[in-house]
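I'd like to ask some things about the structure below.
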Amino acid sequence: MELNNIVIVGASLAGAQAAQTLRRQNFEGSIVLVGDESHPPYDRPPLSKKYLAGSTEREKLRLRSMADPDELRVDLRLNEAATGLDVDRRVLTTTTGELAFDGLILATGARPRRLAGELDGVHVLRTLDDADGLREAFAARPDRVVVIGAGFIGAEVAATAREAGLEVTMIEAGAAPLSRVLDADAGMAIADLHRDNGVDVRLGVGVDALVGTGSVEKVELSDGTSLDADVVVVGIGVIPNTEWLEGSGLTIADGVVCDRTCLAAPGVVAAGDVARWDHPRYGSLRVEQWDNAVDQGGYVAKRLLAESDGQMVEPFAPVPWFWSDQYDRKIQLAGMTTANVEIVQGSIEERRFVQLYLGDDGQPVGVLAWNRPRQAVMARQLLEKSAGIQEARDALA
Ligand SMILES: Cc1cc2nc3c(=O)[nH]c(=O)nc-3n(C[C@H](O)[C@H](O)[C@H](O)COP(=O)(O)OP(=O)(O)OC[C@H]3O[C@@H](n4cnc5c(N)ncnc54)[C@H](O)[C@@H]3O)c2cc1C
C-alpha cells in the first residue's frame with residue numbers, strides 16, 4: 001500500500017525517533033505525532049537523577065529528535081489522547097476527532113503502578129509533572145522520605161534524595177533490590193551501596209497500607225511495623241498504556257503483541273515500552289529501556305517504509321542495554337540476566353566488577369558492569385556477535 005500519511009501515537013522517545021527517522025529516510029508524506037502530555041517531547045532518565053537533584057534545567061530535557069517539529073514537517077499535537085483504533089478502516093480516534101492513516105506507529109509507553117488510596121505526599125515518577133511535584137516535595141525538606149520498591153527508579157530516587165541530605169527508607173518486597181533483574185549478589189551490592197550512603201534499606205517486607213488524614217503520615221508494613229513518612233515515592237513497576245486499544249482487534253498481552261518485525265497488524269507497528277515483540281534470540285520481549293525506545297522507534301519507521309516498497313525487513317534483534325546512575329556508581333547492563341553467573345573482573349566488595357550471565361547452553365547472554373564503562377561497551381559488542389564464553393571472559397577480564 002502506498003504510504004501518504006503516517007500517524008504516530010505517543011509524543012515521547014520512541015515516537016519522536018520514529019518521526020525523525022521517517023524524514024531522514026526521505027518520507028515526504030504527512031506525519032502527525034499525537035501526544036497526551038502538555039510538554040513538548042522530553043527525556044525521562046534525568047527525571048530521577050540530575051533534574052530531580054536540581055542540577056539540570058528543564059530546557060535541557062527537550063528531545064533532540066523533536067527539537068524543531070516545524071523543520072521536520074511534523075504536525076505535533078500535544079494534549080491530545082488517542083482513544084480508539086479501527087484497524088480495518090485505518091482510522092484513529094482521538095479526543096479531538098478522527099485521523100485516517102496509511103501507517104500507524106504505536107508508542108504510548110507505560111505508566112507507573114500505584115498503590116490504593118489518594119493521599120497528598122504520595123508520588124510516582126514517570127512524567128515531567130511528576131518530577132516537578134517530587135522536586136518541590138524534596139525542596140520542602142521533609143523529615144522522612146519512604147521509597148517503596150527498590151527497582152531502578154526507586155533506587156535512583158533514594159540516591160538522589162539521600163544526596164540532597166534527606167532521611168530515606170527504601171522498602172523492597174523481594175529478598176534483594178532488583179531481584180527480578182539481577183542475581184542476588186549484585187542486588188545485595190545495591191542494598192549495601194545504599195546502606196553505606198545512609199539509606200535505611202528494608203528487604204523482604206511489603207506495604208500493607210499508606211495511612212494519613214489528607215496527607216500521608218505512615219507506611220504500614222507487612223511485618224506489622226510502621227514507618228513515619230512525609231513523602232512517599234512508589235516505584236513498583238509500570239503498566240503499558242494499551243487500554244485505549246481494547247476492541248481494536250490487536251492482540252494485547254502486557255503490551256501490544258507484534259511479530260519479529262514489530263508489526264501488530266497490516267500497517268500498524270509498535271515501538272518502545274509499549275511494544276511486545278518476538279525477539280529472534282530472547283523470545284517474547286517487552287523492554288523498558290531508553291536505548292530500546294530509540295532503536296525500535298527508528299526501526300519501525302524504516303519497517304513501515306520498507307513494507308510499502310514491498311521490501312523484506314530483517315527482524316528487530318537488538319542486544320538490550322540499560323544504565324543506571326546511583327551515587328558515584330554507573331551500573332550498565334547489556335543483554336539478559338540468568339541464574340548462571342560468574343564474575344570475570346573486579347569484585348563485588350570493591351563495587352567495581354563485571355558479571356557474565358550465561359544461558360542454558362553455557363554461552364554468554366548478558367553482562368553487568370559496575371563502574372566499568374569500557375567493558376560495558378565491549379560487552380554489548382561481544383553479545384551482538386554472539387561471542388563464546390572464552391572470548392567473552394578474555395575480552396572482559
Ligand atoms: C524517571 C525515569 C528514569 C529512567 N531512567 C532510565 C535510565 O537510566 N536508563 C534507561 O535505559 N531507561 C531509563 N528510563 C526508561 C526510559 O525513559 C523509557 O524506556 C522510555 O521513555 C520509553 O520511551 P517510549 O517513547 O516508549 O515511552 P514513554 O516515554 O513512556 O512515552 C509514551 C508517551 O505516550 C503518551 N501516551 C500514552 N497514552 C497515550 C494516548 N492514548 N494518546 C496519546 N499519547 C499517549 C504518554 O503520555 C507519553 O508521553 C527511565 C524512565 C523514567 C520514567
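Counting starts at 1 for both ligands and their atoms, in listed order.
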Subject >> Side-chain ion pair, E391 and K385, N-O less than 4.0 Å >> reply: yes
Subject >> Salt-bridge contact R111-E243 (side-chain N to carboxylate O under 4.0 Å) >> reply: yes
**OP:** Verify whether one side chain among E217 and S215 offers a donor that lies under 3.5 Å from an acceptor in the other.
**Re:** no
Subject >> Lys/Arg N to Asp/Glu carboxylate O, D254 vs R286, below 4.0 Å >> reply: yes
Original post:
Are K218 and D228 ion-paired here, with the side-chain N under 4.0 Å from a carboxylate O?
Top reply: yes
Original post:
Mind checking what residues have non-hydrogen atoms under 4.0 angstrom from ligand 1?
Top reply: V9, G10, S12, L13, A14, V34, G35, D36, E37, R44, P45, L47, S48, K49, E80, A81, A82, A107, T108, G109, A110, L125, R126, I153, E156, N241, W244, G272, D273, E288, Q289, W290, A293, F322, W323
**OP:** Mind jotting down which residue pairs meet the ring pair (Phe, Tyr, Trp, His ring centres under 6.0 Å) criterion with at least one end in residues 337-373? Sequence neighbours excluded, please.
**Re:** F353-W370
